[in-house]
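As structure tokens, the structure follows; a few thoughts come after it.
Read the numbers this way: they start at 1 and go in the same order the structure lists the ligands and their atoms. FYI, the numbering just counts along the sequence from 1.
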Amino acid sequence: MNQYATMQDAPAVPILCDLRSDTVTAPDAAMRAVMADAEVGDDVYGEDTTVNRLEAILAERLGKEAGLFLTSGTQSNLVAMLSHCARGEEIITGRGYHIWTYEAAGASVLGGIALDPQGVAQDGALEPDAIRAAIKEDDSHHPITRLLTLENTHNGMAVPLARCQAAVDVARAVDLSVHLDGARYFNAIEALGCAETDLADLFDTVSICLSKGLGAPVGSVLVGPRDLIDRARRWRKMLGGGTRQAGVLAAAGLHALDHNVTRLGEDRMRAERLGQVLSAYGDVTQATNMIFFTPKGGVTPALQQHMAAHGVRLSGATGTTRLVLHKDVTDEGLAAAISGFEAYFA
Ligand SMILES: *Cc1c(COP(=O)(O)O)cnc(C)c1O
């Protein structure tokens, strides 16, 4: 049964709370208003002032020279990897990181780049020893190790700065470049309680999604050194990602940065609260805005149907469900989720 069949079978109850992902947020009225009013130009000509502003502002906030607006986090990570590495070169990353698991091996398919994934530690970090062992010596048998990529947050976990630093130090010792898949960069910053530049300072390039917890409909931004971002712009064009009056989308991103970063702590606190409720009914791991919940006996279609009847959408047909708190979960929606779970497990 696919997800659409599930939707069709679900009772006709208004959706109060969609906990499948923080990508399900809809642009609110204020965001739509700035999109409608956005000043635009042809971005392939470099003339979209709103896109230019978004790129410049995010680069500045993260202490980097330049930024590039891309259609998605996958495109942003791909363009970053293509800009850092040549054919026959290699990336060390995490097994379970998005770049390895969920990006269709784009860097290998399109760039002739090898990936050597390492096991991810309990806290979402890569172990320095594992990175050290994965770095290839200069030998014609091997690919040329060029780049380390980390992820923060990973499965909601904000990886401590010291753990990121330790991994990066191993890479820097042999002149590797380092990239951060910071799809939920600001969730990490909020949870770590550090300055926005503290995490970015460790990396050459950082990719940030505007369409996750920040509530924009589309877009990611890659920030880094000017020369690399210039190369990235060419790769983006080659991949068909050169867009024209994209200012209508960039305006949503700018609005998200102004209004939706400072509220991310609310999502974390709500996830803590829901996690506490659920811990009575099974195994719970909660970090930032995410909960991984395995009820005794596992998630079943019966649980999903029951919650759907309470207006609550859950992902994961069996086993563990990932619950994600976000901007469009209202107090009413959270209450519906809590009472729905309590009724089911009573
Ligand atoms: C969502 C996500 C991405 C990018 O996904 P898109 O759907 O292509 O925007 C990259 N990395 C992580 C960790 C993510 O969660």
Side-chain angles (χ1 to χ4, degrees), residues 3 18-25 27 54 58 67-82 84 91 93-107 109-110 115 117-118 120-121 123-126 147-159 164 167 178-191 199-200 203 205-224 232 235-236 239-241 243 246 249-250 252-253 256 260 264 267-268 271 287-292 315-316 322-327:
Q3 58 177 318
D18 189 341
L19 295 172
R20 291 171 303 162
S21 177
D22 48 7
T23 57
V24 300
T25 54
L54 173 64
L58 208 40
L68 183 67
F69 185 50
L70 296 116
T71 54
S72 68
T74 299
Q75 191 184 55
S76 182
N77 281 329
L78 174 60
V79 155
M81 292 186 279
L82 292 168
H84 279 290
I91 298 166
T93 187
R95 200 175 293 123
Y97 283 178
H98 202 275
I99 279 178
W100 172 252
T101 313
Y102 296 117
E103 298 184 9
V109 174
L110 300 168
L115 285 99
Q118 306 303 306
V120 177
D123 64 357
L126 295 189
L147 177 70
L148 170 70
T149 79
L150 302 183
E151 185 174 299
N152 210 353
T153 63
H154 171 63
N155 287 345
M157 291 178 287
V159 183
C164 298
V178 282
H179 169 74
L180 178 68
D181 177 358
R184 296 183 179 82
Y185 185 85
F186 292 104
N187 297 83
I189 297 299
E190 190 280 324
L199 180 57
F203 298 89
T205 50
V206 181
S207 172
I208 295 148
C209 286
L210 301 166
S211 59
K212 300 244 164 116
L214 299 183
V218 178
S220 284
V221 177
L222 178 68
V223 297
W235 279 117
R236 186 188 67 173
L239 293 169
T243 51
L249 301 174
N260 297 340
L264 290 173
D267 296 339
R268 180 174 53 76
T288 63
N289 63 332
M290 291 187 192
I291 299 162
F292 291 84
S315 62
R322 185 190 73 164
L323 310 168
V324 189
L325 278 294
H326 54 76
K327 177 179 169 295

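Interatomic distance, Arg268 CZ to Leu325 CG, rounded to the nearest 0.5 Å: 11.5 Å. The CD atom of Glu151 sits 7.5 Å away from atom OG1 of Thr93, with the distance rounded to the nearest 0.5 Å. Note that the CZ atom of Phe186 and the CG atom of Leu199 stand 10.0 Å from one another [nearest 0.5 Å].
Atoms of ligand 1 lying under 4.0 Å from at least one heavy atom of Arg184, given by number and element, are 15 (O). Within ligand 1, the atoms closer than 4.0 Å to a non-hydrogen atom of Glu103 are 10 (C), numbered from 1 in the order shown. Close approach of ligand 1 to Asn77 is summarised as follows: ligand atoms under 4.0 Å from at least one heavy atom of the residue are 10 (C).
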Side chain to side chain contact (heavy atoms under 4.5 Å, CB included) evaluation trace for Met81 with Leu147: CA-CA 8 Å; Met81 292 186 279; Leu147 177 70; 4.3 Å; yes
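Geometrically, ligand 1 and Thr74 share a nitrogen or oxygen pair separated by less than 3.5 Å. Close N/O approach between Thr153 and ligand 1 is not found [any backbone or side-chain N/O within under 3.5 Å]. Between Glu151 and ligand 1, no N or O atom pair is found at a separation short of 3.5 Å. Of the N or O atoms in Gln75, none lie within a sub-3.5 Å distance of an N or O in ligand 1. Considering both main-chain and side-chain atoms, Cys209 never comes within under 3.5 Å of ligand 1 through any nitrogen or oxygen pair.
With Asp22 as reference, Arg184 is the one residue of Arg184, Lys327, His326 to meet the side chain to side chain donor-acceptor pair (under 3.5 Å) rule.
Ranking the protein heavy atoms by distance from atom 9 (O) of ligand 1 puts Gly73 N, 2.8 Å first. Closest to atom 2 (C) of ligand 1, if we only count protein heavy atoms, is Lys212 NZ, 2.2 Å. The protein heavy-atom contact nearest to atom 11 (N) of ligand 1 is Asp181 OD2, 2.6 Å.
Proximity of Glu103 to Asp181: side-chain heavy atoms (C-beta onward) are separated by under 4.5 Å at one or more points. No side-chain heavy atom of Ser220 sits less than 4.5 Å from a side-chain heavy atom of Gln75. Counting heavy atoms from C-beta outward, Thr74 and His98 have side chains that approach closer than 4.5 Å.
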